[in-house]
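Here it is, the structure, as structure tokens.
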Amino acid sequence: MGLLSGKTAIITGASKGIGKGIAETFAKQGANVAFTFLSSVEKGQALEQELQQYGTQVKGYRSDASKMDDAEALVAQVVEDFGGVHIVVNNAGITKDTLLMRMTEEDFNRVIEVNLNSVFNMTKAVQRTFLKQRSGSIINISSVVGVKGNAGQANYAASKAGIIGFTKSVALELGSRNIRCNAIAPGFIETEMTAVLDEKTVQQWRDGIPLKRGGSAEDVANACLFLASDMSGYITGQVMNVCGGMLT
Ligand code: NAD
């Protein structure tokens with residue numbers, strides 16, 4: 001018996017990185033997992049295969065989180081395939097980093113669409129199902145950058161701060177129906193993406209973190225597990241910083 005036995009979770013953008021870590025942790029804890037990917041069909045299939053070992057129901061869906069129609073179609077399909085949904089993790093995200101001086105309108109809008117509209121789309125799409133069952137947990141992946149800002153990431157920081165305001169508002173609106181909504185703000189998480197960076201630079205980042213290491217996808221996944229499970233039944237509208245002490 002895992003912490004998520006009998007529950008079905010939708011996780012967006014799970015073909016790699018943090019999303020993949022969340023899918024693995026959730027399946028290990030007994031959840032049925034419906035995950036999305038955008039273009040990496042092979043990686044999606046590989047994850048579907050890998051997650052079979054935990055013995056729960058698992059399925060990957062090609063779905064663009066920035067599109068409302070895709071979100072609605074996804075939730076309808078998941079409800080049909082799995083018989084319901086109890087947890088949504090809005091993880092899909094992108095960066096288009098550059099100084100404001102060089103940032104185009106397209107750079108700004110695309111990051112907002114993928115990172116922030118996606119959270120609105122999925123929350124809207126799942127709302128009716130959650131209201132009917134009078135329960136649900138929504139977990140939105142923000143960032144420490146959304147809390148404190150970062151030079152060269154005005155678009156990304158705006159999208160991640162927007163997620164926090166959205167999360168707190170949804171928690172207030174839907175609390176009376178036992179629907180919880182929380183955000184996680186990861187700090188520096190080491191994934192395939194950061195593995196290609198210059199080791200000296202990465203070591204400097206690690207040295208600046210109180211716990212003296214970058215986080216892992218599993219560190220973020222464990223926080224998601226807590227917020228998804230009934231262990232956090234009295235917690236809503238919160239931002240949990242998973243950052244090794246970067247923010248205090
Ligand atoms: P990643 O690039 O490895 O993974 C992002 C995932 O989102 C990918 O699977 C990608 O295919 C998917 N995606 C992108 N656009 C999509 C779309 N339109 N529709 C559906 N899926 C889409 O990055 P990651 O580091 O694993 O980041 C995951 C989340 O965590 C993001 O929201 C990111 O902003 C956030 N985050 C990451 C860090 C970090 O240090 N890695 C820190 C703070 C927050």
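All residue numbers in this chain count up from 1 along the given sequence. Atoms within a ligand are numbered from 1 in the order they appear, just like the ligands themselves.
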Considering all protein heavy atoms, does one lie under 4.0 Å from atom 10 (C) of ligand 1?
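Not a single protein heavy atom is under 4.0 Å away.
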Would you tell me whether Arg180 and Ser232 have side-chain atoms, one donor and one acceptor, within less than 3.5 Å of each other?
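Yes, because at least one side-chain N or O of Arg180 sits under 3.5 Å from a partner of the opposite role on Ser232.
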Just which atoms of ligand 1 are under 4.0 Å from any heavy atom in Ser142?
44 (C)
Test item, Ser63 contacting ligand 1 (heavy atom, 4.0 angstrom):
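Contact present.
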Against heavy atoms of Ile94, which atoms of ligand 1 measure under 4.0 Å?
14 (C), 15 (N)
Side-chain donor-acceptor pair under 3.5 Å between Ser118 and Asn121, yes or no?
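Note: Ser118 and Asn121 side chains miss the donor-acceptor criterion.
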Just jot down the ligand 1 atoms closer than 4.0 angstrom to any heavy atom of Val114, in number order.
15 (N), 18 (N)
Looking only at the side chains, is there a donor atom on one of Gln77 and Asp81 sitting less than 3.5 Å from an acceptor on the other?
yes
Any N or O of Lys16 that comes nearer than 3.5 Å to an N or O of ligand 1?
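Yes - when backbone and side-chain N and O of Lys16 are compared with those of ligand 1, one distance drops under 3.5 Å.
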Give the atom numbers and elements of ligand 1 that come within less than 4.0 Å of a heavy atom of Asp64.
17 (C), 18 (N), 19 (N)
Output the list of atoms in ligand 1 that are nearer than 4.0 Å to some heavy atom of Gly93, sorted by atom number.
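Listed by number with element: 5 (C), 7 (O), 14 (C), 31 (C), 32 (O).
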Considering only protein heavy atoms, which is closest to atom 16 (C) of ligand 1, and at what distance to one decimal place?
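Result for atom 16 (C) of ligand 1: Leu38 CD2, 3.7 Å.
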Among all protein non-hydrogen atoms, which one is nearest to atom 27 (O) of ligand 1, and what is the separation to 0.1 Å?
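Checking every protein heavy atom, the shortest distance to atom 27 (O) of ligand 1 gives Ile18 CD1, 4.0 Å.
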Please name the residue in the list Met122, Lys124, Arg128 that meets the side chain to side chain contact (heavy atoms under 4.5 Å, CB included) test with Val75.
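Going through Met122, Lys124, Arg128 one by one, the side chain to side chain contact (heavy atoms under 4.5 Å, CB included) with Val75 is satisfied by Met122 alone.
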Using a 4.5 Å cut-off on heavy atoms from C-beta on, say whether the side chain of Lys43 contacts that of Lys20.
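A side-chain contact is absent here, since even the closest heavy-atom pair is not under 4.5 Å.
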Over 12 foreign heavy atoms within 6.0 Å of CD1, Ile235:
yes
Ligand 1-proximal atoms of Phe37, by part, heavy-atom distance under 4.0 Å
neither
Which of the atoms of ligand 1 are close to Ser143, meaning less than 4.0 Å from one of its heavy atoms?
43 (C), 44 (C)
Once you restrict to heavy atoms under 4.0 Å, what part of Ser118 touches ligand 1? Side chain, backbone, both or neither.
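Contact part for Ser118 vs ligand 1: neither.
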Side-chain contact test, heavy atoms from C-beta onward, threshold under 4.5 Å: evaluate it for Ile139 versus Asn90 and give yes or no.
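The answer is no, as the side chains (C-beta and beyond) never meet within the 4.5 Å cut-off.
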For Ile11 and Gly19, work out which heavy atoms get closest and say how close.
CG2-O, 4.0 Å
When you measure from atom 43 (C) of ligand 1 to every protein heavy atom, which one gives the shortest distance, and what is it?
Pro186 O, 3.4 Å
Nearest protein heavy atom to atom 30 (O) of ligand 1, by residue and atom, and its distance?
Ile141 CG2, 3.4 Å
Lys96 side chain near Phe108 side chain, heavy-atom distance below 4.5 Å:
no
Does Lys160 come within less than 4.0 Å of ligand 1, judged by its heavy atoms?
yes
For atom 40 (O) of ligand 1, grab the closest protein heavy atom and report residue, atom and distance to one decimal in Å.
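Going atom by atom, the protein heavy atom closest to atom 40 (O) of ligand 1 ends up being Ile189 N, 2.9 Å.
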Is there a nitrogen or oxygen of Gly19 sitting under 3.5 Å from a nitrogen or oxygen of ligand 1?
no
To the nearest 0.1 Å, how far is atom 42 (C) of ligand 1 from its closest protein heavy atom, and which atom is that?
Gly187 O, 3.0 Å
Check the side chains of Asn182 and Gln238 for a donor-acceptor pair under 3.5 angstrom, ignoring hydrogens and angles.
no
What residue and heavy atom of the protein are closest to atom 22 (C) of ligand 1, and at what distance?
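Protein heavy atom at minimum distance: Ala92 CB, 3.6 Å.
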Has Lys212 got more than 12 heavy atoms of other residues, nucleotides or ligands less than 6.0 Å from its NZ?
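Atom NZ in Lys212 is packed in, count exceeds 12.
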Is the closest heavy atom of Gly21 to ligand 1 under 4.0 Å?
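No, that is not the case, since the closest heavy atom of the residue is not under 4.0 Å from the ligand.
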Taking the side chain as C-beta and beyond, is there a heavy-atom pair between Ser216 and Asp219 under 4.5 Å?
yes
Contact with ligand 1 for Asn91, non-hydrogen, under 4.0 angstrom:
yes
Show which atoms of ligand 1 fall inside a sub-4.0 Å distance from at least one heavy-atom site of Gly17.
3 (O), 26 (O)
Can Thr167 and Asn140 be counted as having a side-chain donor-acceptor contact under 3.5 angstrom?
yes
Looking only at N/O atoms, are Thr36 and ligand 1 under 3.5 Å apart anywhere?
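There is no such contact.
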Do Cys224 and Ile141 have side-chain heavy atoms sitting under 4.5 Å apart?
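Sidechains of Ile141 and Cys224: in contact.
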Which residue supplies the protein heavy atom nearest to atom 34 (O) of ligand 1, what is that atom called, and how far is it?
Tyr156 OH, 2.5 Å
Check whether any side-chain heavy atom of Arg62 lies under 4.5 Å from a side-chain heavy atom of Leu38, and answer yes or no.
no
Out of all atoms in ligand 1, which are within 4.0 Å of some heavy atom of Ala65? Include the element for each.
17 (C), 18 (N), 19 (N), 20 (C)
For atom CD of Glu105, decide whether the heavy atoms of other residues, nucleotides or ligands shown that lie under 6.0 angstrom number more than 12.
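Result for CD/Glu105: open.
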Judged by non-hydrogen atoms, does Ala185 sit under 4.0 Å from ligand 1?
no
